[in-house]
Amino acid sequence: MNQLISLLPDMAVFVRVVECGSFSAAAKQLGVSASAVSRQIARLEQAMSVRLLERSTRRLRLSDAGQAALTRCQSMLAAAHEAMQVSEQYIASPQGRVRLAVPRGFARAVLQPCITPLLQQHTGIELQLVVTDRVIDPLEDEIDLVIRIGDHPPPGLIGLPLLPVEQVLVASPDYLARHGVPQVPQDLLAHSCICLGETPVDHRWRFKQGKQELTVEIAGRLRVNHSEMRLQAAVDGLGIASLPDFTARSAVADGRLRRVLDTWHLSTAYAGMAYLLYPAHRYLPPKLRCVIDSVVAYCRTQR
């Protein structure tokens with residue numbers, strides 16, 4: 001038992017080395033020297049009588065034993081984190097900081113109206129929103145909750161469905177009056193289209209209607225990876241924009257924009273279901289539970 005207790009810090013350092021990808025990066029985060037980190041890993045390997053990491057001058061690679069050990073060491077750290085949160089069960093009201101990562105467009109168009117009521121109701125909670133379109137790993141990035149759009153939750157994470165997300169094509173009535181309303185996807189070849197522009201394939205719009213599928217290589221003078229800027233460009237009459245339905249909803253409702261080709265399904269990587277994600281093994285303290293309940297309840301009113 002004494003040996004096991006002495007090895008617990010080494011196990012935690014092992015996890016951090018794997019997450020950071022190098023001894024030096026882990027040492028920087030931990031505030032120690034790289035040689036100290038190396039000694040801890042060596043001590044752990046000696047105690048376990050296996051090699052956990054294959055080292056080279058360029059990178060580290062987990063051995064088979066290291067992969068098996070990593071999973072258990074990560075569970076150990078998660079259990080330690082949960083143990084530190086046990087006291088929250090005995091506090092009358094939820095309190096503490098909750099870190100929630102959410103895509104930019106979703107944060108502004110969907111989530112923001114939920115924030116004020118949530119904080120007014122739960123006065124002991126501090127909410128830190130991490131607004132980013134980068135793929136967030138809750139464990140590696142030390143984030144409590146993540147909202148992500150996709151076809152299904154990633155392995156190892158609980159995914160609570162919030163609302164379906166569809167990509168729609170919209171244009172201003174003025175633009176359509178000047179350039180005509182496309183009747184089939186191929187008509188887009190004669191239009192100026194406003195697309196995301198983050199990857200080389202974002203100008204290839206894939207459509208599906210029943211069993212029919214086709215791809216149109218659109219062109220246009222504006223590509224921008226910000227949904228509200230694409231929205232404004234469409235309202236200003238610059239062309240036909242691809243937008244998440246939650247971003248376009250208000251402008252369509254008040255007549256500033258009209259949907260086009262709405263009998264066709266536009267297939268993109270930015271559609272599917274918006275999920276609220278958190279690690280499957282994580283104990284849920286009251287502060288997380290009330291944020292989860294508030295976000296899920298609010299988003300389901302927006303369906």
Side-chain angles (χ1 to χ4, degrees), residues 8-9 11-13 15-16 19-20 29-31 70-150 152-165 246 272-303:
L8 292 180
M11 295 179 184
V13 169
V15 172
R16 186 53 56 92
E19 291 175 346
C20 294
Q29 283 197 10
L30 294 167
L70 176 66
T71 301
R72 289 158 177 81
C73 290
Q74 287 175 327
S75 297
M76 176 201 73
L77 288 178
H81 181 72
E82 293 167 6
M84 293 299 295
Q85 295 179 322
V86 164
S87 62
E88 295 190 25
Q89 298 178 71
Y90 303 98
I91 298 173
S93 61
Q95 50 187 290
R97 178 175 298 178
V98 175
R99 300 188 74 207
L100 169 61
V102 56
R104 289 178 294 179
F106 194 94
R108 180 66 182 89
V110 179
L111 192 63
Q112 186 168 8
C114 170
I115 301 305
T116 298
L118 189 160
L119 294 178
Q120 287 175 338
Q121 181 180 359
H122 304 287
T123 56
I125 286 179
E126 300 175 22
L127 187 61
Q128 180 177 352
L129 290 179
V130 180
V131 180
T132 177
D133 289 331
R134 180 172 66 88
V135 175
I136 295 291
D137 183 299
L139 291 176
E140 183 174 340
D141 295 302
E142 298 182 347
I143 297 290
D144 298 301
L145 303 169
V146 175
I147 293 177
R148 189 182 303 172
I149 298 169
H152 47 74
L157 297 177
I158 297 293
L160 301 178
L162 298 177
L163 75 165
V165 176
F246 54 73
M273 177 66 69
Y275 290 97
L276 184 61
L277 306 173
Y278 55 90
H281 55 72
R282 171 162 285 180
Y283 157 77
L284 287 178
K287 66 180 181 181
L288 291 189
R289 174 51 60 192
C290 73
V291 172
I292 290 171
D293 290 346
S294 296
V295 171
V296 169
Y298 175 78
C299 287
R300 287 178 179 172
T301 67
Q302 305 303 301
R303 292 186 176 185

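Bear in mind that the values here come from a model prediction, so they are computed numbers and not experimental data.
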Asker: Rounded to the nearest 0.5 Å, what separates atom NE2 in H122 from atom CD in Q95?
Answerer: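 The distance works out to 13.0 Å.
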Asker: Of all the heavy-atom pairs spanning Y278 and L160, show the shortest one and how long it is.
Answerer: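 Scanning both residues completely, I find the closest heavy atoms to be CE2-CD1, 4.1 Å.
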Asker: Taking side chain as C-beta onward, heavy atoms only, is F246 less than 4.5 Å from P164?
Answerer: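 No - every pair of side-chain heavy atoms lies 4.5 Å or more apart.
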Asker: Counting only N and O atoms by type, is there a donor-acceptor contact under 3.5 Å from the side chain of S294 to the main-chain atoms of V291?
Answerer: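 No.
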Asker: Supply the atom-to-atom distance L162 CG to R300 CZ, rounded to the nearest 0.5 angstrom.
Answerer: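 So the gap between those two atoms works out to 7.5 Å.
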Asker: For R97, is there an ion pair with E142 - N to carboxylate O distance below 4.0 angstrom?
Answerer: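 No, this pair does not count.
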Asker: May I ask you to decide if L119's main-chain N or O and T123's side chain share a donor-acceptor pair within less than 3.5 Å?
Answerer: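 Not a single qualifying donor-acceptor pair exists.
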Asker: Are C290 and I125 side-chain neighbours, meaning at least one heavy-atom pair lies under 4.5 Å?
Answerer: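 Answer yes - side chains close enough.
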Asker: R16 side chain to M11 main-chain N or O, any donor-acceptor pair under 3.5 Å?
Answerer: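 Such a contact is absent between R16 side chain and M11 backbone.
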Asker: Using the side-chain contact (heavy atoms from CB on, under 4.5 Å) rule, pick out the option among V135, L129, V130 that qualifies with T132.
Answerer: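 That would be V130; it is the only one of V135, L129, V130 passing the side-chain contact (heavy atoms from CB on, under 4.5 Å) with T132.
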Asker: I'd like to check Y275 versus L157 (side-chain heavy atoms, cut-off strictly below 4.5 Å). Are they in contact?
Answerer: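 No - every pair of side-chain heavy atoms lies 4.5 Å or more apart.
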Asker: Side-chain contact, heavy-atom cut-off 4.5 Å: P94 with R289?
Answerer: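 They are not in side-chain contact.
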Asker: Do you know the tightest heavy-atom contact between I143 and L145?
Answerer: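 Distance-wise, the nearest heavy atoms are CG2-O, 3.1 Å.
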Asker: Would the distance check show the side chain of D144 and the main-chain N or O of L288 forming a donor-acceptor pair, the cut-off being under 3.5 Å?
Answerer: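 Side chain of D144 to backbone of L288, a donor-acceptor pair under 3.5 Å: no, none is there.
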Asker: Kindly compute the distance separating CG (L163) from CZ (F106), expressed to the nearest 0.5 Å.
Answerer: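 Atom-to-atom, L163:CG and F106:CZ are 5.0 Å apart.
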Asker: For the residue pair I149 and G272, what are the closest heavy atoms and their distance?
Answerer: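 Closest pair (atom of I149, atom of G272, distance): CG2-N, 4.2 Å.
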Asker: Let me know which of P153, P154, P103 forms a side-chain contact (heavy atoms from CB on, under 4.5 Å) with R148.
Answerer: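 Among P153, P154, P103, the one that satisfies the side-chain contact (heavy atoms from CB on, under 4.5 Å) with R148 is P154.
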Asker: Just so I know, are the side chains of I158 and L277 near enough to count as touching, which here means a heavy-atom distance under 4.5 Å?
Answerer: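 They are not in side-chain contact.
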Asker: Rounded to the nearest 0.5 Å, what's the gap from NZ on K287 to CD on E126? Could you check?
Answerer: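 Rounded to the nearest 0.5 Å, the NZ-CD separation comes to 9.0 Å.
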Asker: Show your working on side-chain contact (heavy atoms from CB on, under 4.5 Å) between M76 and L8 and close with a plain yes or no.
Answerer: CA-CA 9 Å; M76 176 201 73; L8 292 180; 3.4 Å; yes
Asker: I'd like to check V13 versus P9 (side-chain heavy atoms, cut-off strictly below 4.5 Å). Are they in contact?
Answerer: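 No. Closest side-chain heavy atoms not under 4.5 Å.
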Asker: Once rounded to the nearest 0.5 Å, what's the spacing between atom CG of L111 and atom CD of Q302?
Answerer: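 It is 10.5 Å, given to the nearest 0.5 Å.
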